[in-house]
Amino acid sequence: MAPKTIRKVGKFKFLRFPNKGIRRNKKIQKLATSGKLSYPTLERFINRERSLGYPIKYSKPIGFKRKSK
């Protein structure tokens with residue numbers, strides 16, 4: 001996987017290199033940070049990743065909040 005450009009300042013590029021041990025899922029990340037991710041969706045994602053053999057230790061992505069009623 002190629003590094004992602006985080007920011008460009010003049011002729012410099014600040015890159016983020018991917019961590020090979022952790023898979024990133026942009027869709028889940030966007031849903032979590034916008035507050036639209038539900039528990040069933042999150043559990044389905046976690047089960048799918050674990051079944052593929054990836055270790056998911058922390059069950060909630062950063063930005064995940066319970067929906068307020």
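Quick note: numbers below take in every heavy atom, side chains included, and nothing from hydrogens, waters or symmetry partners. This structure is a prediction, so every number in the text was calculated from the model and none was measured.
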How many angstroms lie between atom [atom1] of [X] and atom [atom2] of [Y], to the nearest 0.5 angstrom?
| X | Y | atom1 | atom2 | answer |
| --- | --- | --- | --- | --- |
| Arg7 | Arg16 | CZ | CZ | 13.0 Å |
| Phe45 | Arg50 | CZ | CZ | 10.5 Å |
| Asn47 | Leu42 | CG | CG | 9.5 Å |
| Ser38 | Arg44 | OG | CZ | 7.0 Å |
| Lys13 | Lys8 | NZ | NZ | 5.0 Å |

Taking C-beta and beyond as the side chain, do Lys30 and Ser34 meet within less than 4.5 Å on heavy atoms? no
Applying side-chain contact (heavy atoms from CB on, under 4.5 Å), run through Phe14 and Thr5 and close with a yes or a no. CA-CA 6 Å; Phe14 292 93; Thr5 303; over 6 Å; no
Please report the shortest heavy-atom distance between Ile6 and Leu15, naming the atom on each side. CG1-C, 4.3 Å
